[in-house]
Amino acid sequence: MAVATASQQTNPGSKHNIEGSRQAYYEKIAKFNMAPLWEVLKGLVTPEPKTKYLPAVWKFADVKRLILEAGGVISAEEAERRVLVLENPGMPGKSRVTNSLFAGVQLILPGEVAEVHRHSASAIRFMLEGEGAYTAVEGEKSQMRHGDFIITANWAPHDHGNPGNQPAMWLDVLDMPTVNHFEASFSEHFEDKMQKTNHEDGDSFERFASGVLPDGMPATTNRTPVINYPYSKMRPILERLKNTGDIDKRHGARVRYANPINGGPVMPTMGAHLALLPAGFKGEPYRSTDGTVFACAEGHGYTLVDGEKLEWGVNDVFVIPPWKRYQHMPAVESVLFSISDRPAQEALGIWREGN
Ligand code: 1HN
């Protein structure tokens, strides 16, 4: 301000002079690693969330055809993880579906193994298609079936394998962009290709999510101990909600995947829901600050976002960026899985929702 005023006094009315001397001033302070906030303030502190990320859909027919082709291009072993990144079309090259989340679809062919590793980023899998593959997490060997929701918390060793006879494909969502935002990424490989597992399929669900807890379990943990929330156990709960009319006007008959120890989110950085949209449901408008990734487990329909129709069917994945107003419009009874960074935003006190 002082610079502009001085310049105005020597040559009042000369915009050119003001800008020229401001520019000279900016160049001067840049040499000292300083910059004028007033030139960027409005873009930094916006009255409402602004995003370059776009609403988008990935049709499973395309994803499946193209990832099966990747099966001929590279082995799971060579790739470490044979994953097609679902790149948000508003931000290509960033390996992100939203600013805070990675999403991809992974393929494991019969006979393949994706070797054990661990990393700071937390991951979830939502199983799309193919039976016979497993993921091994923290000593539990968990079969993956369509609609299963699988947790790989940060630093948890995990490997995948497919001893079956069908290609297995699932959605991976990781908080990797969040971890990398903090520049806090570590990772580690192990000598063995696979973990030794001494917990059978379903062990953690039965042990921790049955209304009892192993005695001595701490009364709070910041992540769920459950490895797999099987669709076969979740789907009947949605039916119960529907049958008693417990149907949210925006979200349908919806459950939140919870940490059974304290009712909190499954992980501190990511939270997920499963929603049944009854036949004839016309969702009321909703928006929230957590950009959300959806996967369709059953049915088909569309979601209206800012006047645009995102058409979805079984195993399609779509993304709604932060603060975009949307409405779900199923054509038939449908089930949508969704995941976002809402727990992280809530922990920071910045999460908001509206209509
Ligand atoms: C990863 O470790 C897996 O373990 C999947 O299956 C996707 C995307 C980015 C970074 C690490 C996995 C991943 C990933």
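Whatever order the structure lists ligands and atoms in, that order sets their numbers, starting from 1. Note that the numbering runs from 1 along the sequence shown for the chain.
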Residue [X] vicinity, atoms of ligand 1 by number, heavy atom under 4.0 Å:
X    : result
M176 : 9 (C), 10 (C)
H119 : 1 (C), 2 (O)
D172 : 5 (C), 7 (C)
R125 : 3 (C), 4 (O), 5 (C), 6 (O), 12 (C)
Q106 : 5 (C), 6 (O), 12 (C)

Original post:
Side chain, backbone, both or neither: which part of T152 comes within less than 4.0 Å of ligand 1 when only heavy atoms are counted?
Top reply: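 Neither part.
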
Subject >> Residue that, paired with H119, satisfies side chain to side chain donor-acceptor pair (under 3.5 Å) out of H189, H158, E188 >> reply: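 Result: among H189, H158, E188, H158 is the only option passing the side chain to side chain donor-acceptor pair (under 3.5 Å) with H119.
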
Closest approach of any protein heavy atom to [atom], naming residue and atom:
atom                    : answer
atom 6 (O) of ligand 1  : H160 NE2, 2.6 Å
atom 12 (C) of ligand 1 : R81 NE, 2.9 Å
atom 14 (C) of ligand 1 : L174 CD2, 3.8 Å

Original post:
So Y286 and H251, ring-ring contact (aromatic ring centres under 6.0 Å, His included) or not? Walk me through it.
Top reply: CA-CA 9 Å; Y286 180 76; H251 305 301; 4.4 Å; yes

Original post:
Are H117 and ligand 1 in contact, using a heavy-atom cut-off of under 4.0 Å?
Top reply: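 The answer is yes, since H117 has a heavy atom less than 4.0 Å from ligand 1.
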
Original post:
Will you find, in the side chains of T221 and N259, an N or O donor that is under 3.5 Å from an N or O acceptor?
Top reply: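 The criterion, which ignores hydrogens and geometry beyond distance, is satisfied for N259 and T221.
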
Subject >> Residues, nucleotides or ligands: over 12 heavy atoms within 6.0 Å of E311 CD >> reply: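 Yes, because the 6.0 Å sphere around CD of E311 holds more than 12 heavy atoms from other groups.
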
**OP:** Tell me, with the steps shown, if T224 and Y257 meet side chain to side chain donor-acceptor pair (under 3.5 Å).
**Re:** CA-CA 9 Å; T224 178; Y257 292 95; over 6 Å; no

